[in-house]
Amino acid sequence: MKIINLFNKGKKSITIKNTSWALISNIDAMEFQVDLYKQDFKEIMENMFPQYNIELDIVDDVDCFFYPKIKGNITETEKSELIEAVYSDALITLHANEKYYISNTKDTESNDIKDNNLKRHYHKDDSQCIIDGRYDLSNFKERELTSVELYFLKYIATIKSNPLKSISGDWTHDYHLKYQDVLNQFVGQKLVEVEELSLSEKINLIHTVDDLKGILKFKELPVKGTKPTLIERMIENSDENELKDYRNQRYIRYKLTEKGMELTTPLNPSITRDMELEDKSYHLVLNNEIDKAYKIISSFKAQKDFPGLGIQINISGNEKAIIELDDVKLFKYNKLININLNLPENIRDKQKNINSCIIVGDMFGCKSFEITKLIERLINTGLDDEQINKYVDYGLSFIR
């Protein structure tokens, strides 16, 4: 206990309020294993952020599913980094792990309900080509990639560096990506290399040290040594028939080529990953065409199968329709467009640009830190995150 306390000394303690799909979907046939999920969530987050002591508070609140609440003595920048981590594949796909969902009854219908709901919200039949890295260049024809596809390229090269991770479902739910098509483009344009893991790498992913020791003990072999040593010993003392199942497991990773790095390195944070849409909306507002901007954003939101992970869309399932901008909101937007937010003198000429970004962010239903990202991408202010966020909050106070 003293060692743990010494190790944790100086770390910031934070609590993350989040929920699970099992709680907000009202699926009676599924019992969510909260304690087990909390344990794994904590382990993943603290591996990402060793500077924090992290606790997870599971609440039955749909808002916390789309926007986790974080308590602790941390800055807005730190908070936004933690929120982005919660939206990362590592934690989003954690929801879909069947070990956390136990059927309340033994009947087949209940198990089918559980299985179908997990698949509906987290899996797509066409995702297999991304998971196993299979591509087809027989009819390949190169085309220009959209910003969404470039963000996806960067995403799979990062997320699939751990081949056990699956692809987060929002890429098909929100952006309707056709995985086979984009993978063919990535490989055909020589932006990414698909690598299958070696036998020892596969065993390393599949088995823990305790697993390996158990296998070696069963074979009456020494169990001392590091994990790589145990893996090597296991392989050396196993026949081909025993290793066949490991070899047949197709675990792959995506590795960006130099050309792929050149394309993805300049990508700045985006509130939607669709920079073309964001840019068009921004310029419409900047040119006082607020109604037009609102309509294209409303249309974008209405097409969502499931609210996005990179953008907080405040629209419920029964409201998915293209709606007109009401007179009160239009009045507030027109008022904000020219309001002086008391910016520093050297960037006062960018006041309308910043105000336009705040309006666009509000139309998308974004939080202030997301609007800050939009401003950083579109406008060179020379200010840091916290300074920009202060002006964003001030601007939002006029329209919310």
Side-chain angles (χ1 to χ4, degrees), residues 17-19 21 24 61-70 76 79-80 82-84 86-87 92 147-148 151 168-171 173-176 269-286 289-337 354-378 385 388-389 391-400:
K17 282 192 174 185
N18 200 10
T19 191
W21 184 252
I24 64 173
D61 182 352
V62 68
D63 288 341
C64 287
F65 184 77
F66 301 125
Y67 186 69
K69 297 175 182 177
I70 296 178
E76 286 299 318
K79 187 178 290 187
S80 66
L82 286 162
I83 289 172
E84 284 187 9
V86 174
Y87 288 141
I92 290 299
S147 61
V148 170
Y151 277 107
S168 182
D170 65 309
W171 292 101
H173 292 143
D174 288 357
Y175 301 102
H176 308 288
S270 164
I271 58 175
T272 63
R273 301 188 184 119
D274 189 338
M275 290 191 291
E276 293 87 355
L277 172 66
E278 293 172 21
D279 292 354
K280 183 177 181 179
S281 304
Y282 163 70
H283 284 105
L284 283 171
V285 173
L286 192 61
E289 296 183 273
I290 294 175
D291 267 324
K292 285 186 180 179
Y294 190 83
K295 284 179 180 177
I296 66 169
I297 291 173
S298 179
S299 176
F300 169 79
K301 290 161 66 171
Q303 294 170 20
K304 297 295 181 188
D305 292 330
F306 194 69
L309 301 175
I311 171 177
Q312 312 313 310
I313 296 178
N314 299 327
I315 187 165
S316 62
N318 59 357
E319 294 173 326
K320 288 185 179 179
I322 301 174
I323 54 178
E324 297 292 329
L325 182 59
D326 67 75
D327 291 340
V328 174
K329 200 70 169 180
L330 179 59
F331 173 79
K332 290 181 177 180
Y333 285 156
N334 280 321
K335 181 179 178 183
L336 174 60
I337 197 73
I354 291 172
N355 292 355
S356 297
C357 285
I358 295 172
I359 291 170
V360 169
D362 185 71
M363 289 178 177
F364 276 116
C366 295
K367 304 297 180 182
S368 58
F369 77 90
E370 293 173 308
I371 299 174
T372 296
K373 287 183 182 178
L374 181 65
I375 292 172
E376 287 178 332
R377 185 175 74 76
L378 294 174
D385 285 2
I388 297 173
N389 204 75
Y391 294 115
V392 170
D393 285 338
Y394 185 40
L396 287 174
S397 69
F398 290 93
I399 54 179
R400 289 184 177 174

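The model shown is predicted, which means the values in this text are computed figures rather than measured ones.
Under the side chain to side chain donor-acceptor pair (under 3.5 Å) criterion, S281 pairs with no residue at all, not counting sequence neighbours. Taking D291 as the reference, nothing meets the salt bridge (Lys or Arg N to Asp or Glu O under 4.0 Å) condition, with sequence neighbours excluded. Listed by chain and residue number, V328, K329 satisfy the side chain to side chain contact (heavy atoms under 4.5 Å, CB included) test with D326 (two or more places apart in sequence, or in another chain). Applying the salt bridge (Lys or Arg N to Asp or Glu O under 4.0 Å) rule to E289 yields the partners K292; only residues at least two apart in sequence or on another chain are considered. In terms of the ring pair (Phe, Tyr, Trp, His ring centres under 6.0 Å) criterion, residue partners of F398 (sequence neighbours excluded) are, by chain and number, Y394. In this structure K335 satisfies the salt bridge (Lys or Arg N to Asp or Glu O under 4.0 Å) test with no other residue, sequence neighbours excluded.
Ionic pairing of D279 and R377 is present here: one or more N-O contacts between side-chain nitrogen and carboxylate oxygen are shorter than 4.0 angstrom.
When side chains are defined from C-beta on, K280 counts as touching I296, because their heavy atoms get closer than 4.5 Å.
Separating the CZ atom in F300 from the OG1 atom in T272 is a distance of 5.0 Å, to the nearest 0.5 Å. We find the CD1-CD1 distance between I354 and I337 to be 11.5 Å, quoted to the nearest 0.5 Å. The distance from the CG atom of N389 to the NZ atom of K367 is 12.5 Å, given to the nearest 0.5 Å. Rounding to the nearest 0.5 angstrom, the gap separating the CZ atom in R400 from the CD1 atom in I358 is 10.0 Å. For the atom pair S147 OG and E276 CD, the distance stands at 3.5 Å (nearest 0.5 Å). Once rounded to the nearest 0.5 Å, the distance linking CG of L336 with CG of L396 reads 8.0 Å.
Minimum interatomic distance between R273 and S270 (heavy atoms only, all atoms of both residues): N-OG, 2.7 Å.
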What verdict does the side-chain contact (heavy atoms from CB on, under 4.5 Å) test give for Y333 and L325, after you've listed the backbone C-alpha separation in whole Å, the side-chain angles of each residue and the deciding distance to 0.1 Å? CA-CA 10 Å; Y333 285 156; L325 182 59; 3.9 Å; yes
Pair I290-L284, side-chain contact (heavy atoms from CB on, under 4.5 Å): steps then yes or no: CA-CA 6 Å; I290 294 175; L284 283 171; over 6 Å; no
Between E376 and I388, does a side-chain contact (heavy atoms from CB on, under 4.5 Å) hold up when you go through it step by step? CA-CA 8 Å; E376 287 178 332; I388 297 173; 3.6 Å; yes
Test F369 against D385 for side-chain contact (heavy atoms from CB on, under 4.5 Å), laying out the working first. CA-CA 8 Å; F369 77 90; D385 285 2; over 6 Å; no
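No donor-acceptor distance shorter than 3.5 angstrom exists from the side chain of S299 to the backbone of K295, with no hydrogens or angles considered.
Under the side chain to side chain contact (heavy atoms under 4.5 Å, CB included) rule, F364 has a single partner from I359, L374, I371, L277, which is L277.
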